[in-house]
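Here the structure comes first, spelled out in structure tokens, and everything after it is commentary.
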Amino acid sequence: MYQQVKEYWKNLIEEQVALIAQEKGIDAATLREAGELAVNTTPSPDMGDLAFPLFPYAKVLRTSPQAIVKDITERLSRVDTVRPGSLLPSGPYLNVFIDIPSLAGALRETVYAEGDSYGHTELLKGQRMMVEFSCPNTNKPLHLGHLRNDAIGESISHILKANGAEVEKVNLINNRGIHICKSMLAYQRFSEGETPESSGIKGDHLVGKYYVRYAAWEKEDPSALEQAQQMLRKWEEGDPEVLKLWNLMNRWTIEGIEETYRKTGVSFDSYYYESDTYTLGKDTILKGLEDGIFYREEDSSIWIDLEEIKLDKKVLLRKDGTSLYLTQDIGTAIQRHGKWPFDSLIYVVASEQSYHFKVLFHVLAKLGYEWARNLYHLSYGMVNLPDGKMKSREGTVVDADDLIASLTAMAREEIIAKNREKEVGDIDDVSEKIARGALNYYLLQPSPMKDMIFNPAESISFNGNTGPYLQYMGARISSMLAKWETVKEEYEGIRFDPSLLSVQDERELIKMLALWPTLVAQAAAEYNPSVITSFLYDLSRTFSRYYHDHAVLKGESRELIVARVTLVTMVLQVLKNAYALVGIPFLKSM
RNA sequence: GUAGCCAUAGCUCAGCUGGAUAGAGCAUCAGAUUGCGGAUCUGGAGGUCGGAGGUUCGAAUCCUCUUGGCUACACCA
């Protein structure tokens with residue numbers, strides 16, 4: 001919507017530039033050397049809404065930018081078909097005050113009509129996009145790193161959907177390999193048959209406990225590793241006893257992890273298991289060998305030469321014929337495309353695996369899969385702690401459940417301290433939603449690519465640029481609109497008059513609301529949820545200032561009250577729509 | 001060694017296709033409530049945008065070199 005206004009002014013000014021060029025006898029080709037006219041914002045609102053720098057034309061038109069600005073301003077003042085708005089020449093810049101009332105009028109129609117889907121675009125319409133994220137091991141509970149992964153995966157899925165894509169969220173459970181056997185082995189030896197039910201320990205934590213127990217045992221008993229390897233062999237042979245334990249412990253872990261997912265608002269459309277896909281990977285490699293894409297070493301292991309992409313050689317199948325990580329991922333990708341033919345597949349995986357994905361995508365392309373060109377590694381940086389990295393050996397790994405629990409407890413204390421137990425209703429539910437909003441917002445603020453530092457103290461603070469701050473804006477507006485509902489009838493018949501919204505912050509809010517769809521599209525194009533979080537904060541801050549400085553329900557006239565209530569209603573709608581894309585629960589009261 | 005990513009205020013982060021005086025939060029100092037939720041708002045102080053060249057009318061942004069940090073380069077996943 002704002003986009004159209006920008007285009008309108010841009011075209012108008014470009015036309016005038018073309019006319020000037022024509023009069024000077026400068027041909028169109030020469031003019032084009034100056035490039036496209038840039039549309040910027042002004043440094044401050046009192047200088048206008050849009051800024052057009054005219055430096056680039058100075059050279060081709062052989063005059064100063066200032067003169068061009070002056071010339072265009074004069075010409076436009078003579079054109080009476082110009083849409084309302086006004087010009088403010090500012091040195092080499094031509095600034096434009098756009099016509100806010102007409103923008104606000106159009107906004108009112110669109111936002112009220114579209115509601116929860118205001119801001120959705122058709123950028124990715126007809127695209128089938130699969131998003132893989134989370135991908136836990138079944139030998140321990142989730143930690144902070146998974147939470148960032150989950151937040152990004154979940155958010156990007158919502159963003160893609162909002163842009164019209166059909167999205168399939170998939171999880172790949174890493175449930176095979178020697179690390180899984182280690183926790184099983186320790187369980188066999190030390191557990192005395194304890195279960196999540198008997199011990200009261202959440203399934204994933206119980207399994208994790210034995211994974212840790214194994215590590216201790218391995219130090220005492222040098223034969224431990226050998227026993228684990230033996231168990232893996234038994235697993236591959238299909239030993240019923242081993243499989244039984246494997247199934248049982250996998251179930252415990254997955255059920256535990258799913259409980260964590262519920263708390264963080266994460267869900268999947270389908271699950272894949274590595275135990276199901278590695279054989280397909282193996283067969284594919286063998287077929288590729290027949291087709292001459294790969295080659296066999298003397299020791300009978302199978303390799304690919306990656307010289308084409310300027311990398312070394314890579315082994316695809318061990319000499320004993322067993323599969324590797326890469327082999328499995330090849331199988332998984334092919335299986336997925338078979339089950340749910342996608343146009344693109346996005347892997348949300350830590351940046352440390354970019355080499356792996358480079359190789360994976362290349363191998364799939366060499367195998368002749370058309371869709372291999374549309375695989376994308378959405379890589380994200382590590383989550384570190386203020387005093388360094390998380391290290392499991394040093395016990396500095398931040399457990400996901402612990403973190404959520406302490407955030408929830410903090411939120412709860414805050415509600416009690418503010419004496420708002422009655423207003424919030426279900427205090428457990430609200431505390432959990434505040435914690436979830438705080439966590440998701442904290443994790444989605446930095447660009448995915450960058451490493452980030454997770455400061456627990458800061459994350460549980462609810463002041464400043466935080467999730468709860470954003471939720472608070474929604475709650476305040478809700479509370480105001482609830483009051484409005486009780487007096488609404490008295491205002492029956494008063495129409496929304498956008499021209500009454502003339503305060504600076506009202507102009508800013510209208511522009512931001514109108515800009516929202518553009519940001520939704522940008523977030524998808526860049527695979528970057530932080531576009532949304534930044535916008536949310538800007539909008540909230542502007543609204544908060546506005547709310548502080550100007551009375552809405554106690555405005556000077558009935559018409560003004562109606563106009564402001566309409567604006568505030570739209571702010572709430574856009575806040576809600578933005579919350580939904582970044583996993584911040586909307587709260588009427590907190 | 002080779003490749004990739006990163007470097008912006010004391011700390012944590014923004015900064016759109018290159019554009020006007022590089023912005024927030026935290027911390028710090030000083031203020032604001034006879035109004036719709038103070039989990040709020042306003043102001044001060046705090047910057048050689050790692051460094052050096054280059055391209056350009058104009059560079060935090062693009063190019064080259066360089067320094068520092070992280071990661072990967074396993075017949076682990």
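In the text below, chain A, chain B and the rest are named by the order of the sequence lines, each starting its count at 1.
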A:His377 side chain reached by A:Phe361 side chain, heavy atoms, under 4.5 Å: yes
Under 4.0 Å: is that the gap between some side-chain N or O of [X] and OP1 or OP2 of [N]?
| X | N | value |
| --- | --- | --- |
| A:Tyr469 | B:rC41 | yes |
| A:Ser301 | B:rC75 | no |
| A:Ser544 | B:rC41 | yes |

Among B:rA39, B:rA3, B:rC41, which nucleotide has an atom closest to any side-chain atom of A:Lys358? B:rA3
What protein N or O atoms touch nucleotides 54-64 of chain B N or O atoms at under 3.5 angstrom, if any, and at what distances?
| unit_1 | atom_1 | unit_2 | atom_2 | d |
| --- | --- | --- | --- | --- |
| B:rC57 | OP1 | A:Lys59 | NZ | 2.9 |

Are there runs of at least three consecutive Watson-Crick or G-U pairs touching RNA chain B, with each pair's two distances under 3.5 angstrom? Give them by first number. B:1-7 with B:67-73, B:10-13 with B:23-26, B:28-32 with B:40-44, B:50-54 with B:62-66
Salt bridge flag under 4.0 Å for residues A:Lys59 and A:Glu33: no
Between N or O atoms, less than 3.5 Å apart, protein on one side and nucleotides 22-26 of chain B on the other: list the pairs.
| unit_1 | atom_1 | unit_2 | atom_2 | d |
| --- | --- | --- | --- | --- |
| B:rA24 | O2' | A:Tyr537 | OH | 3.2 |
| B:rG25 | O2' | A:Asn465 | N | 3.3 |

Ring-plane angle category for A:Tyr295 and A:Trp303, please: parallel below 30°, perpendicular beyond 60°, tilted otherwise. parallel
Distance between [atom1] atoms of [N] and [M] (Å, rounded):
| N | M | atom1 | value |
| --- | --- | --- | --- |
| B:rA9 | B:rA14 | P | 13 Å |
| B:rC63 | B:rA24 | P | 29 Å |
| B:rA7 | B:rG51 | P | 13 Å |

